[in-house]
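Whatever order the structure lists ligands and atoms in, that order sets their numbers, starting from 1. Note that these values count all heavy atoms, side chains included, but never hydrogens, waters or copies made by symmetry.
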Amino acid sequence: MGLNEITERMHKAEAAAGRETGATRLIAVSKKQPDDRVAAVLDQGHRIFGENRVQEAAGKWPGFRERYDGIDLHIIGPLQTNKARQAMELAQAIHSLDRPKLAQTLARLAQELGQCPELFVQVNTGEEPQKAGVLPAEIDGFVSECRALDLPVRGLMCIPPVDEAASLHFALLAKFAARNGLGGLSMGMSGDFEEAIALGATHVRVGSAIFGARPAPA
Ligand SMILES: *Cc1c(COP(=O)(O)O)cnc(C)c1O
């Protein structure tokens, strides 16, 4: 696989869904990938990347930013409030806004820093106890709360349960977003990004299908 094949498959999925070419952004998820693989994708001209840990992102992206212009970094993993400032200084988007305390922290920091990344509210569409995300019944209230804090909520994000048809969850997320007047849909990974595009994804998060399998920790 690789960047070109994924881009081509995205364009086909967009065409099949009657959507414009390029309607969906590709976030290349570079977590745990060796630097040479990331540099190869940067050298191909790609600039949108996703990391799920602030610590890891802070270790590698300032260096890449010295070598490459226009990098658009998205934090897609669980965010602790004590890492929020670092995340806001580093990233252009955060896809894991999932609780009131984090919303309050981001709002306070946004005031202080005079800027805020675009935000996606993570929804636990499968209502899985071990998974982060706002429960479906709480979305509307939480989105209102974020708006009252003046947070730039761009859309919703989900990670479907591994053992269920992803498309059901993508369709649900699209419905929740529409109901709240939100245009952004962060959904779809290596195994299901085409289904996500068919159901309106504006951002897909694809890692292993671009870079290859993540090396096992030594
Ligand atoms: C790792 C990760 C991805 C990418 O997963 P792949 O299966 O490698 O495409 C997408 N979204 C989130 C939140 C992730 O943590």
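Contact of the Met189 side chain with the Ile159 side chain is registered, since non-hydrogen atoms from C-beta on lie closer than 4.5 Å.
A salt bridge links Glu194 to Arg9: one of the charged nitrogens lies within less than 4.0 Å of a carboxylate oxygen. Salt bridge annotation for Arg179-Asp140: present, with a cationic side-chain nitrogen under 4.0 angstrom from a carboxylate oxygen.
Counting heavy atoms under 4.0 Å from ligand 1, residue Lys31 touches it through the side chain alone.
Heavy-atom contacts of Gly207 reach the following atoms of ligand 1: 4 (C), 6 (P), 8 (O), 9 (O) (cutoff under 4.0 Å). Proximity to Ile159 (heavy-atom distance under 4.0 Å) selects the following atoms of ligand 1: 13 (C). Here is the list of ligand 1 atoms found below 4.0 Å of a heavy atom in Ile76: 11 (N), 12 (C), 13 (C), 14 (C). The Val206 neighbourhood of ligand 1 comprises atoms 9 (O), with distances under 4.0 Å to a heavy atom of that residue.
Protein heavy atom closest to atom 6 (P) of ligand 1, with residue, atom name and distance, is Ser190 OG, 3.4 Å. Atom 10 (C) of ligand 1 has as its closest protein heavy atom Met189 SD, 3.4 Å.
Taking the six-membered ring for Trp and the full ring otherwise, His203 and Phe120 have centroids separated by under 6.0 Å.
Nearest to atom 11 (N) of ligand 1 by heavy atom, out of Arg214, Arg205, Met187, is Arg205.
Using a distance-only test at 3.5 Å, with no hydrogens or angles considered, no donor-acceptor pair links the side chain of Asp98 to the main chain of Gln122.
Within a 6.0 Å sphere centred on CD of Glu5, other residues, nucleotides and ligands contribute more than 12 heavy atoms.
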